[in-house]
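Data first, discussion second: the structure below is written as structure tokens.
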Amino acid sequence: MKKYLKPHGLNIFIKLFLLLCSLSMATTVEAANKKQEINLYSNSDISSLDVSKVTDVNTFIQLDNVDEGLYQYDAKGKPLPALATKTVISKDKKTYLIDIRKNARWSNGDALTAQDFVYSWRRAVDPNTASEYIYLLSNIKNAAEISAGKKPVDQLGVQAMGKYRLKVQLNKPQPYFKMILARETLFPLNKKVVEKYGKSYGTSSKKAVYNGPFIHTGWNGSNSSWKLKPNPYYWDKKHVKLSQINYSVVKEPSTAYNLYQTNKLDQITLVGEQAKQMAGDKDIVRRPLAATQYLQSNLKKNNGLENKNIRTAISLSINRKQIAKHILANGSTPATGFVSQHLAKSPINGKDFYQESYVKNTSEYNPKLARKLFKKGLKQTGKKKLNITLLTTDVDTSKQVAEFIQGQVQSNLPKIKITMKAVPANNRIAAVSKGDYDMVFQGWSGDFADPYTFLQMFTTKSPQNHSGWSNEEYDQAIADSNDKDADNNKARWQDMIKAEKVLLKDQAVTPLYRMNNVDLVNPKLKGVLYNHVNGHYTYKTAYLTK
């Protein structure tokens with residue numbers, strides 16, 4: 001005899017079934033509502049989203065996450081293909097044929113083509129653009145002549161060979177050219193959008209278009225918070241794990257630390273007491289940078305800084321060990337050279353460039369010699385005392401270092417009065433570009449793993465040389481490294497060693513310390529690619545474990 005469920009049994013079954021369905025639906029909804037978001041910060045404002053005009057590290061990090069070039073860097077700063085699918089280099093190493101991904105698109109849906117690179121590079125070298133990063137393109141045929149206004153932009157040695165192939169012609173072989181192809185200044189540009197906005201292109205999130213893993217939203221050109229959201233047209237969108245990156249500007253390390261402790265930031269950089277106290281924390285990540293913080297003097301002001309002995313005296317009056325140990329306390333080390341330690345090694349004997357280019361009595365702490373040189377410098381200039389304004393950013397750490405320098409110099413060289421001026425980073429950049437400063441505290445991160453990325457800054461005609469310093473011997477050494485010795489690694493190395501020594505002997509720049517980052521990272525944050533050469537982060541593959 002067939003058994004039937006009793007009515008109350010049937011009710012129990014139905015209720016149980018509905019409950020299980022309800023729980024399943026709730027789990028699905030909960031999973032769907034879990035956002036793969038991270039909260040990050042920048043210690044300075046965005047300067048621009050125009051790849052041709054950016055010069056600061058914090059904005060470069062923004063561009064690395066919303067745009068993409070032919071190559072990208074791995075964690076060690078070596079170039080890996082990004083938009084490039086195949087690169088063929090000629091036997092004389094001066095012609096590159098580069099095939100581009102056919103499935104790459106802009107965030108407005110437009111196809112990305114070889115012509116987008118041609119347009120971007122021509123625009124960068126155009127004198128009307130006034131890009132300060134054109135040194136990256138200087139070895140491309142006719143780039144120097146175009147930037148000097150001697151040839152039209154369409155004579156640049158880059159052309160589209162069909163829709164998805166790029167031809168690049170160099171003046172001389174350049175062993176690190178693929179590294180240059182990974183830099184933001186050589187990213188493509190969408191001509192239609194750039195011309196639509198004209199001079200206002202990149203001045204806000206809305207006035208730009210993107211080809212990278214994320215799109216930029218919420219920045220109106222002056223506000224201190226914005227978001228990065230996935231680009232639906234990105235060719236590799238399946239590997240974009242995050243649904244949103246929330247950014248805010250935080251200039252005080254103590255504020256950043258408090259925000260991290262309350263789960264409002266997922267990654268912060270520690271300095272000073274924080275770095276000391278958190279040194280043993282399991283979530284600490286140490287990242288040495290190929291970056292140098294330094295003082296740059298304006299030699300055009302006739303305030304005494306045009307004298308080499310006075311500049312050297314100032315350098316010798318600063319105890320760099322105290323800066324590294326007590327103010328930073330994050331593993332940063334005193335710098336005796338401009339080119340960062342651990343950037344490049346000799347092809348001759350394997351020694352670090354930093355070690356081989358050392359010049360005694362230029363960047364050590366030696367108050368006695370400092371006073372002697374200062375006295376000599378005053379006599380040479382006919383001055384009895386100096387009044388100098390030291391320009392820095394309004395970031396807490398920068399102000400602390402600047403205040404220390406102020407105290408050290410005034411203590412060891414009593415006839416110098418230093419007035420400190422702290423301004424937002426964009427204001428500092430603008431003031432230096434206009435030559436509106438006496439002395440400035442700033443830094444430089446290597447654009448790629450070669451000493452030239454540092455040394456090119458101080459050639460007489462460099463757009464980044466805002467100091468007024470000029471030296472024929474220095475210029476010739478750099479010219480030789482790019483010209484007659486370009487394909488001779490050993491000779492080229494010696495050219496650059498010579499240039500660095502000239503730079504230090506003449507105290508064209510006053511190195512202070514090599515930077516090191518100590519980051520406190522949310523353990524749920526995984527997959528962040530960090531390049532130690534230039535300190536840039538890319539978050540495409542980052543995800544939060546659940």
Side-chain angles (χ1 to χ4, degrees), residues 38-47 56-62 224-226 245-289 291-294 320-335 390-407 420-429 440-445 512-523 525 528 530 532 534-537 539:
I38 58 174
N39 300 302
L40 304 174
Y41 79 106
S42 171
N43 64 11
S44 66
D45 299 313
I46 295 173
S47 58
D56 63 294
V57 171
N58 285 321
T59 307
F60 276 138
I61 291 174
Q62 297 296 312
S224 57
S225 63
W226 57 89
I245 302 177
N246 303 309
Y247 261 101
S248 57
V249 175
V250 181
K251 297 180 181 180
E252 297 79 23
S254 58
T255 302
Y257 180 74
N258 290 335
L259 290 171
Y260 182 89
Q261 293 295 93
T262 55
N263 297 316
K264 293 178 181 177
L265 284 179
D266 292 301
Q267 179 175 334
I268 62 170
T269 297
L270 302 176
V271 292
E273 285 303 314
Q274 292 175 356
K276 291 179 185 178
Q277 294 172 11
M278 302 295 294
D281 193 283
K282 60 182 176 59
D283 296 326
I284 285 289
V285 178
R286 298 183 183 277
R287 298 184 172 110
L289 299 178
T292 303
Q293 295 293 113
Y294 62 96
R320 293 157 174 79
K321 290 182 180 179
Q322 294 295 318
I323 297 175
K325 184 177 180 180
H326 296 296
I327 298 178
L328 304 173
N330 60 359
S332 294
T333 55
L390 174 58
L391 180 67
T392 186
T393 63
D394 58 357
V395 175
D396 263 16
T397 306
S398 296
K399 289 192 292 184
Q400 289 177 35
V401 172
E403 287 169 355
F404 178 82
I405 292 169
Q406 179 188 40
M420 197 181 81
K421 184 179 180 181
V423 299
N426 290 340
N427 294 34
R428 177 188 60 78
I429 293 170
V440 60
F441 170 50
Q442 57 187 8
W444 184 262
S445 297
L512 294 174
Y513 57 90
R514 179 196 177 216
M515 293 177 65
N516 185 73
N517 271 9
V518 174
D519 290 347
L520 190 58
V521 184
N522 187 325
L525 184 60
V528 174
Y530 169 86
H532 85 283
N534 54 35
H536 296 193
Y537 298 85
Y539 293 91

Stepwise side chain to side chain contact (heavy atoms under 4.5 Å, CB included) check, L520 with D283: CA-CA 6 Å; L520 190 58; D283 296 326; 3.9 Å; yes

Close side-chain approach of [X] to [Y], heavy-atom, < 4.5 Å:
X: V271; Y: Y257; result: no
X: D519; Y: Y537; result: yes
X: L270; Y: N330; result: no
X: Y539; Y: I38; result: yes
X: K276; Y: H326; result: yes
X: N516; Y: T333; result: no

So, for [X] and [Y], which heavy atoms are closest and what is the spacing to 0.1 Å?
X: L265; Y: S248; result: CD2-OG, 4.5 Å
X: D266; Y: L525; result: O-CD2, 4.4 Å
X: I268; Y: A256; result: CG2-O, 3.7 Å
X: A279; Y: I284; result: O-CG1, 4.4 Å
X: G272; Y: A329; result: O-CB, 3.5 Å
X: P288; Y: Y530; result: O-OH, 4.1 Å

Mutual orientation of the aromatic rings belonging to W226 and Y247 [parallel < 30°, tilted 30-60°, perpendicular > 60°]: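 Judged by the thresholds at 30° and 60°, the geometry between W226 and Y247 is parallel.
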
To the nearest 0.5 angstrom, please state how far the [atom1] atom of [X] sits from the [atom2] atom of [Y].
X: L40; Y: N246; atom1: CG; atom2: CG; value: 8.5 Å
X: Y513; Y: Y294; atom1: OH; atom2: OH; value: 12.0 Å
X: N517; Y: L289; atom1: CG; atom2: CG; value: 4.5 Å
X: I327; Y: I405; atom1: CD1; atom2: CD1; value: 8.0 Å
X: M515; Y: T292; atom1: CE; atom2: OG1; value: 9.5 Å
X: Q267; Y: N39; atom1: CD; atom2: CG; value: 11.5 Å

Residues in salt bridge (charged side-chain N to carboxylate O under 4.0 Å, His left out) contact with E403, at least two apart in sequence or another chain: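 Listed in chain order: nothing, the list is empty.
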
For K321, all residues meeting salt bridge (charged side-chain N to carboxylate O under 4.0 Å, His left out), sequence neighbours excluded: none

Sole residue of D396, T393, T397, D394 in side chain to side chain donor-acceptor pair (under 3.5 Å) with K251: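 By the side chain to side chain donor-acceptor pair (under 3.5 Å) criterion, K251 pairs with just one of D396, T393, T397, D394: D394.
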
